[in-house]
Peer 1: 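Dropping the structure in here first, questions after.
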Amino acid sequence: GKRFRTKSIEQVVREIETIRDCCNYDNLLIKFNDANPIVNRKFIKSLLKRLIPLKIKSVFLADISIANDPELLSLLNESGCQTVGIGLESLDEKILNEVSPWKKNRISDYKKSIKFIQDMGIIVAGNFMLGLGPYDRDSLKKIRDFVIENHIFCQYTTATPYPGTKFYDELNAQNRL
């Protein structure tokens, strides 16, 4: 279907307990690999409260707006979240405006937001998308310097132009496919 669905909190907890108990993991790390499981704040806060007694370690994907929610960050930390992967995408405002004007409007807060998340005891992994625009050595050095200066991990992925998407049509029109 076309609507977004989630498992119930009870189902998620049962699955984690099953993995932990069946495999005798004392040091279990669960990666919540949804595109952004933190969008539904009510759901995620309820889930995190249920994860606290399980004493697992976890990794979540999120967006930079989590820095504006100290309660969420506290629950992430208490529930065992080690790292959040944050889709920063680019440090170039022009590219971000094409990808997400919402992100472009937050680029000036990236450093402050990352520091706040780190101060709450959570490691930040910045996810950067290559292939969105004209990257050159200088733009890659800018990302490298940002990563070093802000003490974050870095993950590079390449943008995939799927047929039928605006991105595909744009690259095709530019003879970049």
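A quick note: this is a predicted structure, and the numbers were derived from the prediction, not measured. Count residues from 1 along the sequence. Hydrogens, waters and symmetry mates are skipped; everything else that's a heavy atom, side chains included, is used.
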Peer 1: Side chains of Asp92 and Ser90: is there a donor and an acceptor less than 3.5 Å apart?
Peer 2: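 Side chains of Asp92 and Ser90: no pair found under 3.5 Å.
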
Peer 1: Determine whether Ile117 and Val39 fall in the same hydrophobic cluster, where Ile, Leu, Val, Met, Phe, Trp and Tyr are linked whenever their side-chain heavy atoms lie under 4.5 Å apart.
Peer 2: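 Ile117 does not cluster with Val39.
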
Peer 1: Just checking, is any N or O donor in the side chain of Arg41 or Ser65 under 3.5 Å from an acceptor N or O on the other one?
Peer 2: yes

Peer 1: I'd like to know whether CZ of Phe153 has more than 12 heavy-atom contacts from other residues, nucleotides or ligands below 6.0 angstrom.
Peer 2: no

Peer 1: Okay, side chain of Gln118, backbone of Asn150: is any donor-acceptor separation there less than 3.5 Å?
Peer 2: yes

Peer 1: For the pair Phe128 and Phe146, name the ring-plane relationship: parallel under 30°, tilted 30 to 60°, perpendicular over 60°.
Peer 2: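 Phe128 and Phe146: perpendicular rings.
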
Peer 1: What are the two closest heavy atoms between Gly85 and Asn127, and how far apart are they?
Peer 2: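 Nearest heavy atoms, Gly85 then Asn127: C-ND2, 3.7 Å.
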
Peer 1: Any Lys/Arg nitrogen of Asp145 or Lys141 sitting under 4.0 Å from an Asp/Glu carboxylate oxygen of the other?
Peer 2: no

Peer 1: Got a second to check how far Arg20's CZ is from Lys55's NZ, nearest 0.5 Å?
Peer 2: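 The CZ atom of Arg20 sits 10.5 Å away from the NZ atom of Lys55.
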
Peer 1: Mind running salt bridge (charged side-chain N to carboxylate O under 4.0 Å, His left out) on Asp138 and Lys142 for me, showing each step along the way?
Peer 2: CA-CA 6 Å; Asp138 289 336; Lys142 182 177 178 181; over 6 Å; no

Peer 1: Shortest non-hydrogen contact from Thr83 to Ala125?
Peer 2: CG2-CB, 4.0 Å

Peer 1: Could you go through the side-chain contact (heavy atoms from CB on, under 4.5 Å) check for Glu93 and Asn97 one step at a time?
Peer 2: CA-CA 6 Å; Glu93 287 189 22; Asn97 194 49; over 6 Å; no

Peer 1: Give a yes or no on whether Leu61 and Tyr110 share a hydrophobic cluster (residues Ile, Leu, Val, Met, Phe, Trp, Tyr; joining criterion: side-chain heavy atoms under 4.5 Å apart).
Peer 2: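 No; tracing contacts between hydrophobic side chains, which count when under 4.5 Å, never links both residues.
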
Peer 1: To the nearest 0.5 Å, tell me how far Ser79 OG sits from Ile44 CD1.
Peer 2: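 The CD1 atom of Ile44 is 8.0 Å from OG of Ser79, to the nearest 0.5 Å.
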
Peer 1: Is any NZ, NE, NH1 or NH2 atom of the basic residue among Lys49 and Glu78 found under 4.0 Å from an Asp or Glu carboxylate oxygen of the other?
Peer 2: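 Salt bridge between Lys49 and Glu78, a charged N being under 4.0 Å from a carboxylate O: no.
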
Peer 1: Can you see which heavy atom on Gly131 is nearest to which on Phe167, and at what distance?
Peer 2: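 Answer, listing the atom of Gly131 first, then Phe167: O-CZ, 3.6 Å.
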
Peer 1: For the hydrophobic clusters of this structure (ILVMFWY residues joined by side-chain heavy atoms under 4.5 Å, transitively), does one cluster hold both Ile19 and Ile52?
Peer 2: yes

Peer 1: Determine whether Pro37 and Phe43 make a side-chain contact, defined as any pair of heavy atoms from C-beta on separated by less than 4.5 Å.
Peer 2: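 No; the side chains remain at least 4.5 Å from each other.
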
Peer 1: Closer than 4.0 angstrom, basic N to acidic O: yes or no for Asp69 and Lys45?
Peer 2: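 Answer for the salt bridge query: yes.
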
Peer 1: Any chance you could measure Glu170, atom CD, to Glu98, atom CD, to the nearest 0.5 Å?
Peer 2: 6.0 Å

Peer 1: Has the side chain of Ser46 got a donor or acceptor atom that lies under 3.5 Å from a matching backbone atom of Lys42?
Peer 2: yes

Peer 1: Check whether any side-chain heavy atom of Leu54 sits under 4.5 Å from a side-chain heavy atom of Leu28, and report yes or no.
Peer 2: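 Contact flag for Leu54/Leu28 side chains = no.
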
Peer 1: Would you say Leu48 ends up clustered with Val12 if hydrophobic residues are merged whenever their side chains have heavy atoms under 4.5 Å apart, either directly or through other cluster members?
Peer 2: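 Same hydrophobic cluster.
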
Peer 1: When you look at Leu96 and Leu91, which way does the side-chain contact (heavy atoms from CB on, under 4.5 Å) test go after all the steps?
Peer 2: CA-CA 7 Å; Leu96 278 181; Leu91 297 177; over 6 Å; no

Peer 1: Per the side chain to side chain contact (heavy atoms under 4.5 Å, CB included) rule, which among Ile123, Ile122, Leu73 passes with Cys81?
Peer 2: Ile122

Peer 1: Has Arg176 got more than 12 heavy atoms of other residues, nucleotides or ligands less than 6.0 Å from its CZ?
Peer 2: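 Yes.
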
Peer 1: Atom CG in Leu47, atom CD1 in Ile16: separation rounded to 0.5 Å?
Peer 2: 6.5 Å

Peer 1: Would Leu51 end up clustered with Met120 when hydrophobic side chains under 4.5 Å apart are linked, directly or stepwise?
Peer 2: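 Same cluster.
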
Peer 1: Test side-chain contact (heavy atoms from CB on, under 4.5 Å) on Met129 and Ile95 and set out the steps.
Peer 2: CA-CA 10 Å; Met129 184 77 64; Ile95 292 172; over 6 Å; no

Peer 1: I'd like to know if the side chain of Asn105 reaches the main chain of Pro101, judged simply by a donor and an acceptor atom lying under 3.5 Å from each other, with no hydrogens or angles considered.
Peer 2: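 Here the side-chain-to-backbone pair exists.
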
Peer 1: Identify the heavy atoms of Tyr162 and Tyr168 that sit nearest to each other, and give their distance.
Peer 2: O-CB, 3.0 Å

Peer 1: Atom NZ in Lys104, atom CD in Glu89: separation rounded to 0.5 Å?
Peer 2: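 Interatomic distance, Lys104 NZ to Glu89 CD, rounded to 0.5 Å: 15.5 Å.
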
Peer 1: Look up atom CD1 in Ile86 and atom CD1 in Ile64, then write down how far apart they are to the nearest 0.5 Å.
Peer 2: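 Ile86 atom CD1 to Ile64 atom CD1 measures 4.0 Å (nearest 0.5 Å).
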
Peer 1: Which heavy atom in Thr165 sits nearest to a heavy atom in Pro161, and how many Å separate them?
Peer 2: OG1-C, 4.4 Å

Peer 1: Shortest non-hydrogen contact from Leu76 to Val84?
Peer 2: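 That would be CD1-CG1, 4.4 Å.
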
Peer 1: Determine yes or no for a side-chain-to-main-chain donor-acceptor pair under 3.5 angstrom, with Gln82 supplying the side chain and Leu29 the backbone.
Peer 2: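 No, the answer is negative, given that no donor and acceptor are paired below the 3.5 Å cut-off.
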
